[in-house]
2 protein chains.
Amino acid sequence: MQLSATSQYAIRILVYMAGEKDSQSINAAELAETLLIPYKFLAKIMTSLVKVGLVESTRGKEGGYKLKKKASDIMVGDILDAFHESIKDEQCILGIGFCNGLCKCALHDQWMEPKFLLQKMFRESSLEDIAGRGCKR
Amino acid sequence: MQLSATSQYAIRILVYMAGEKDSQSINAAELAETLLIPYKFLAKIMTSLVKVGLVESTRGKEGGYKLKKKASDIMVGDILDAFHESIKDEQCILGIGFCNGLCKCALHDQWMEPKFLLQKMFRESSLEDIAGRGCKR
DNA sequence: TGCAATTACTACTTCAAGGTAGAATTTAAA
DNA sequence: TTTAAATTCTACCTTGAAGTAGTAATTGCA
Ligand code: SF4
Ligand code: SF4
């Protein structure tokens, strides 16, 4: 019952980038070192984030990564989407599927509420909301 | 962001057993067939449930499985515990760890609430509460 | 131009979860 | 006592996520 390592890394990376001076690019080595993420794995994640349009990259000397949108416009949910890990409305806690209220087991209603809160949290929390506070890793 | 297949299977198995006539044992073949769980994998799960004391088994002809406690005394959380998948208080949504309120990022407080609801749901839902309603699989 | 720094690509390895196969063990009943 | 039905054990296979390695492509700068 937790996010994949990939998603967790991605969130931490983008939050860190949002906390840095704008219009200044950060390279993979610095990210890997300060965030304690394996360099090569981070590089792979960064490429995904570039492909999905959350980050822009410049190669070569003086190159690196920059957020492609304002930190206030990147939601945690966008990041989870990139790795197909956002929570769907029909997701069932027992993995059965989508009774959609027709046949409700006792867990159904109880799962609705935390599920909704998680969706809301992911949908409404932007990088700006998170950056600058809490754990710096 | 979901339970492991093993835990989901285990919950469904025990809920089904709770819905059957008491003091009557059910064998692995029937469980596998009605719940659409691979037979051999189910057998493995059952052995775990026996070892952890939620189920008792009798081997040989006429054998099978029975709940070891009343359905109202087996909580979903007990099942998750058996597979080390219950949600710890200090579980962090970013996998960093346990800031314990000292350094709170913006996700910290928002994660607290759904986490609490999930813990409550797992802790307070018994098999009896679930059995007999909803999807029969 | 050439070099060094950087991301991107391709392919592999490792690890854990999920799943399978077959034989050993136990038991009730014929 | 034999046999068939059942669980249990041990060992393996498969799949996907996590992580690694090496090289190609790109770019700024000396
Ligand atoms: S009724 Fe229960 S099993 Fe069916 S979708 Fe809802 S939570 Fe899942
Ligand atoms: S402050 Fe944020 S990163 Fe730290 S434990 Fe809480 S949720 Fe996790």
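On a predicted model such as this, the values are computed, not experimentally measured, just so you know. A, B, ... follow the sequence lines: proteins, then strands. Residue 1 opens every chain.
- Nearest to the side chain of A:Glu62, among D:dC29, C:dA8, D:dG19, sits D:dC29.
- B:Tyr65 comes within contact range of the sugar-phosphate backbone alone, with a heavy-atom separation under 4.0 Å but no base atom that close.
- Per the geometry, CZ belonging to A:Phe41 stands 18 Å off C1' belonging to D:dG22, to the nearest Å.
- B:Thr6 has a side-chain polar atom (N or O) that falls below the 4.0 Å cut-off from OP1 or OP2 of C:dG18.
- The phosphate of D:dC9 (OP1 or OP2) has a side-chain N or O of B:Lys51 nearer than 4.0 angstrom.
- With C:dG18, C:dT6, D:dA6 as the candidates, the nucleotide lying closest to the side chain of A:Asn27 is C:dT6.
- Put simply, the side chain of B:Glu85 gets close to the backbone of B:Ser4: a donor and an acceptor are under 3.5 Å apart.
- Residue B:Phe83 is classed as having no contact, given no heavy-atom separation below 4.0 Å to the nucleic acid.
- Side chain of A:Ser4, nearest nucleotide from C:dA29, D:dA18, C:dG19: D:dA18.
- The distance from atom NZ of A:Lys66 to atom C1' of C:dT6 is 16 Å, rounded to the nearest whole Å.
- Donor-acceptor pairing under 3.5 Å, judged by distance alone, is absent between the side chain of B:Lys40 and the base of C:dG18.
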**Request:** Tell me, with the steps shown, if B:Lys66 and B:Glu56 meet salt bridge (Lys or Arg N to Asp or Glu O under 4.0 Å).
**Result:** CA-CA 5 Å; B:Lys66 263 173 50 184; B:Glu56 61 186 1; 3.8 Å; yes
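- Distance CD1 (A:Ile45) to C1' (C:dC9): 16 Å, rounded to an integer number of Å.
- For B:Glu56 and C:dT27, the CD to P distance is 13 Å, given to the nearest whole Å.
- Distances from the side chain of A:Ser57 to the nucleotides C:dG18, C:dA8, D:dT8 place C:dA8 closest.
- For a distance-only test at 3.5 Å, the side chain of B:Lys44 fails to qualify as a donor-acceptor partner of the base of C:dG18.
- Atom-to-atom, CD of A:Glu30 to P of C:dA5 comes out at 16 Å; the value is rounded to the nearest Å.
- Looking only at distances, no side-chain donor or acceptor of B:Glu128 sits under 3.5 Å from a matching main-chain atom of B:Ala18.
- You'll find that the side chain of B:Arg59 is closest to D:dT8, out of D:dA18, D:dG19, D:dT8.
- For the pair B:Tyr39 OH and D:dC9 P, the interatomic distance rounds to 14 Å; values are reported in whole Å.
- For the pair A:Gly60 and A:Ser7, nearest-nucleotide mapping onto DNA chain D gives the more 5' position to A:Ser7.
- Under a hydrophobic-cluster definition in which Ile, Leu, Val, Met, Phe, Trp and Tyr are linked whenever side-chain heavy atoms come within less than 4.5 Å, directly or via other members, A:Leu14 and A:Leu35 are assigned to the same cluster.
- Nearest to the side-chain atoms of B:Lys61 among the listed nucleotides D:dA5, C:dA5, D:dT7 stands D:dA5.
- Residue B:Tyr9 places at least one side-chain N or O under 4.0 Å from the OP1 or OP2 atom of C:dG19.
- In this structure, B:Leu3 atom CG and C:dG18 atom C1' are separated by 15 Å, rounded to whole Å.
- When the options B:Val15, B:Ile11, B:Thr6, B:Val52 are evaluated for a side-chain contact (heavy atoms from CB on, under 4.5 Å) with B:Ile79, the one that passes is B:Ile11.
- Within a 6.0 Å radius of CD in A:Gln91, other residues, nucleotides and ligands contribute more than 12 heavy atoms.
- When rounded to the nearest whole Å, the span between CG of B:Leu49 and C1' of D:dT8 equals 14 Å.
- B:Ala28 comes within contact range of the sugar-phosphate backbone alone, with a heavy-atom separation under 4.0 Å but no base atom that close.
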